[in-house]
Peer 1: 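Pasting a structure here, questions to come.
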2 protein chains.
Amino acid sequence: MKLVNEMDRSEIVENIRDRVIESVSQNMYLYGVSPSIGRLYGTLFFNGEPMTLDDMKEELKMSKTSMSTSVRTLMELNMVERAWRKGIRKDLYEAQDDWYQIFTDFFSNQWRKVTAMNMKAVRQSLSELTRLMDDPELSESDRELIQTDMDKYQYILNYYKWLNEFFDFLNSDELYQVVKKKMDNEKK
Amino acid sequence: MKLVNEMDRSEIVENIRDRVIESVSQNMYLYGVSPSIGRLYGTLFFNGEPMTLDDMKEELKMSKTSMSTSVRTLMELNMVERAWRKGIRKDLYEAQDDWYQIFTDFFSNQWRKVTAMNMKAVRQSLSELTRLMDDPELSESDRELIQTDMDKYQYILNYYKWLNEFFDFLNSDELYQVVKKKMDNEKK
DNA sequence: TTGTTTGTACAGTTCAAACTGTACAAACCG
DNA sequence: CGGTTTGTACAGTTTGAACTGTACAAACAA
């Protein structure tokens with residue numbers, strides 16, 4: 001009788017946990033990952049202890065291959081880290097559990113990568129148009145048309161510069177301060 | 001001869017533009033939209049003038065249905081707005097061309113929606129566990145187990161609160177100031 | 001050395017998202 | 001009123017992403 005109660009209880013706790021994991025994973029698409037990968041992260045986060053690929057495969061009832069690739073993705077996003085425990089030969093992984101860190105890292109790593117590539121393309125285009133503009137035989141109307149595009153490219157470049165400054169700010173201590181101050185003010 | 005040059009020239013400008021559109025669209029997955037939708041946004045952005053669904057369909061060589069649903073998605077993200085021109089019966093759409101606004105809106109709208117839902121799930125779980133803890137017959141080990149989960153839920157809640165403060169900050173003028181100041185400092 | 005364990009590359013399959021064409025409702029025109 | 005234009009709902013198709021199982025390479029064991 002007591003035993004059944006025990007089982008019920010841990011099952012309840014388990015279900016509650018699963019609901020939260022599901023909720024978190026459903027919304028990790030904001031980080032560009034699929035729900036399955038989100039579920040894996042959630043599992044690792046709540047498990048606390050590091051897990052092996054076989055643990056994960058067992059827990060999520062999925063293939064080992066999936067676990068391998070998923071955990072790789074999570075590592076690239078700095079959401080999961082390798083762990084070591086003496087006497088265990090298998091690879092161990094544990095969740096990075098500092099969500100503030102995950103959030104700011106995401107921008108630094110993913111968004112910066114993207115803006116860098118975009119800037120490159122825009123700079124290239126801008127310099128090509130500049131060269132076109134050198135042609136003295138260009139009609140006034142052509143010149144205007146090209147200038148319109150060039151203005152847009154310049155606007156984009158300025159935006160990306162601003163964005164990178166913003167990401168620097170995100171990584172700085174300043175961010176925590178500013179937001180913290182806001183929270184404290186509101187408590188008053 | 002002159003005519004051919006003219007054609008070459010505008011073709012070159014067009015190609016340069018397409019390269020930038022492609023680059024921008026490829027990376028709009030950070031906003032959770034597919035490359036096609038990104039390409040549509042880029043087309044609208046560089047076209048300057050508002051476009052009808054048929055214009056878009058023509059420009060991108062895609063079905064009108066796709067244009068209709070894509071433009072809808074872009075409107076929900078505040079990246080495209082309806083436009084009116086007298087004498088034109090068809091619906092007109094133009095790109096929201098303030099990228100700073102798009103960026104901050106994205107967080108306010110998308111991320112906030114998600115965090116709100118997550119918070120709800122976590123709060124629910126937290127209150128259910130609290131009720132479980134009321135049981136006086138609970139063993140010490142069970143109690144510890146549940147407490148571990150509750151601590152994690154509390155951590156998540158704190159994080160989301162912080163995140164919402166951060167989004168408030170994003171929407172405030174303060175953001176622009178802080179980053180602007182950084183940029184000015186660096187120029188010195 | 002051979003035998004075992006562990007992680008991953010790769011080919012094939014499954015499934016969901018993107019896209020199309022048709023068909024229709026709503027708005028407008030005469 | 002019927003005829004036309006325009007946007008979208010819906011069903012069907014295509015395409016790509018997610019996932020699996022097998023097969024193998026690398027690391028270790030004896």
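Treat the numbers as computed from the prediction; the structure is a model and nothing was measured. Residue numbers start from 1 in every chain, and the chains themselves are labelled A, B, ... in the order their sequence lines are given, proteins ahead of strands. Every heavy atom of this structure was used, including side-chain atoms; hydrogens, water molecules and symmetry mates were not.
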Peer 1: So if I define the base as every atom that isn't primed, P, OP1 or OP2, how would nucleotides 5-11 of chain C read as a B/S/- string at a heavy-atom cutoff under 4.0 Å?
Peer 2: BSBSBB-
Peer 1: Check the pair A/Leu40, A/Met56 against side-chain contact (heavy atoms from CB on, under 4.5 Å), reporting the backbone distance first and the verdict last.
Peer 2: CA-CA 8 Å; A/Leu40 176 60; A/Met56 304 173 201; 3.7 Å; yes
Peer 1: Could you name each residue pair satisfying salt bridge (charged side-chain N to carboxylate O under 4.0 Å, His left out) that touches residues 99-108 of chain B, not counting sequence neighbours?
Peer 2: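 Found none.
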Peer 1: Would you say CE of A/Met133 has more than 12 non-hydrogen atoms from neighbouring residues, nucleotides or ligands within 6.0 angstrom?
Peer 2: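 Yes.
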Peer 1: Can you confirm whether or not the ring centre of A/Tyr159 sits under 6.0 Å from the ring centre of A/Tyr155?
Peer 2: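 No, too far apart.
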Peer 1: Restricting to nitrogen or oxygen on both sides, can you table the protein-nucleotides 17-19 of chain C pairs closer than 3.5 Å?
Peer 2:
residue, atom, partner, partner atom, Å
C/dC19, OP1, B/Ser36, OG, 2.1

Peer 1: Looking at residues 19-32 of chain A, who's got a heavy atom less than 4.0 Å off DNA chain D?
Peer 2: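 Residues of residues 19-32 of chain A under 4.0 Å from DNA chain D: none.
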Peer 1: Hey, what bend do you get for the helix from C/dT1-D/dA30 to C/dG30-D/dC1 if you fit axes on five pairs at each end, rounded to 10°?
Peer 2: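 If I round to tens, the end axes sit 10° apart.
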Peer 1: Among all residues two or more places apart in sequence or in another chain, which pass the ring pair (Phe, Tyr, Trp, His ring centres under 6.0 Å) test with B/Phe46?
Peer 2: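 So B/Phe46 forms a ring pair (Phe, Tyr, Trp, His ring centres under 6.0 Å) with A/Tyr153.
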Peer 1: Name all pairs fulfilling the salt bridge (charged side-chain N to carboxylate O under 4.0 Å, His left out) condition that reach into residues 160-176 of chain A, sequence neighbours left out, sorted by first residue then second.
Peer 2: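 For residues 160-176 of chain A, and leaving out neighbouring residues, the salt bridge (charged side-chain N to carboxylate O under 4.0 Å, His left out) pairs sorted by first residue read A/Arg112-A/Asp168.
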Peer 1: Closer than 3.5 angstrom, by distance alone: can the side chain of A/Thr130 be matched with the main-chain N or O of A/Leu126 as a donor-acceptor pair?
Peer 2: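 Flag set: sc A/Thr130 to bb A/Leu126 pair under 3.5 Å.
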Peer 1: Quick one: salt bridge (charged side-chain N to carboxylate O under 4.0 Å, His left out) pairs with a partner in residues 35-57 of chain A, sequence neighbours left out?
Peer 2: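 Matches after skipping sequence neighbours: A/Glu22-A/Arg39, A/Asp54-A/Lys64, A/Asp54-A/Lys90.
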Peer 1: So, A/Ser172 side chain and A/Phe169 main chain: donor-acceptor pair closer than 3.5 Å or not?
Peer 2: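 Checked: pair present.
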Peer 1: Through direct or indirect side-chain contacts below 4.5 angstrom among Ile, Leu, Val, Met, Phe, Trp and Tyr, which residues connect to B/Leu92?
Peer 2: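 When side chains under 4.5 Å apart are linked, the cluster holding B/Leu92 also contains B/Ile88.
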Peer 1: List in chain and number order the residues that pass side-chain hydrogen bond (donor to acceptor under 3.5 Å, both in side chains) with A/Asp151, two or more places apart in sequence or in another chain; answer none if no residue qualifies.
Peer 2: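 Expected list: A/Gln147.
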Peer 1: A/Ile88 has an atom CD1; how far is it from atom C1' of D/dC28, in whole Å?
Peer 2: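 Between C1' of D/dC28 and CD1 of A/Ile88: 16 Å.
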Peer 1: Quick one: which residue pairs count as a ring-ring contact (aromatic ring centres under 6.0 Å, His included) with a foot in residues 11-37 of chain A, not counting sequence neighbours?
Peer 2: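 The answer is A/Tyr31-A/Phe106, A/Tyr31-B/Trp111.
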Peer 1: Please report, to 0.1 Å, the donor-acceptor pairs under 3.5 Å made by any side chain of residues 72-83 of chain B, with sequence neighbours excluded.
Peer 2:
residue, atom, partner, partner atom, Å
B/Thr73, OG1, B/Thr69, O, 3.0
B/Arg82, NH1, B/Asp91, OD2, 3.3

Peer 1: What integer distance in Å separates B/Lys57:NZ from C/dT22:C1'?
Peer 2: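 Computing the B/Lys57:NZ to C/dT22:C1' distance gives 13 Å.
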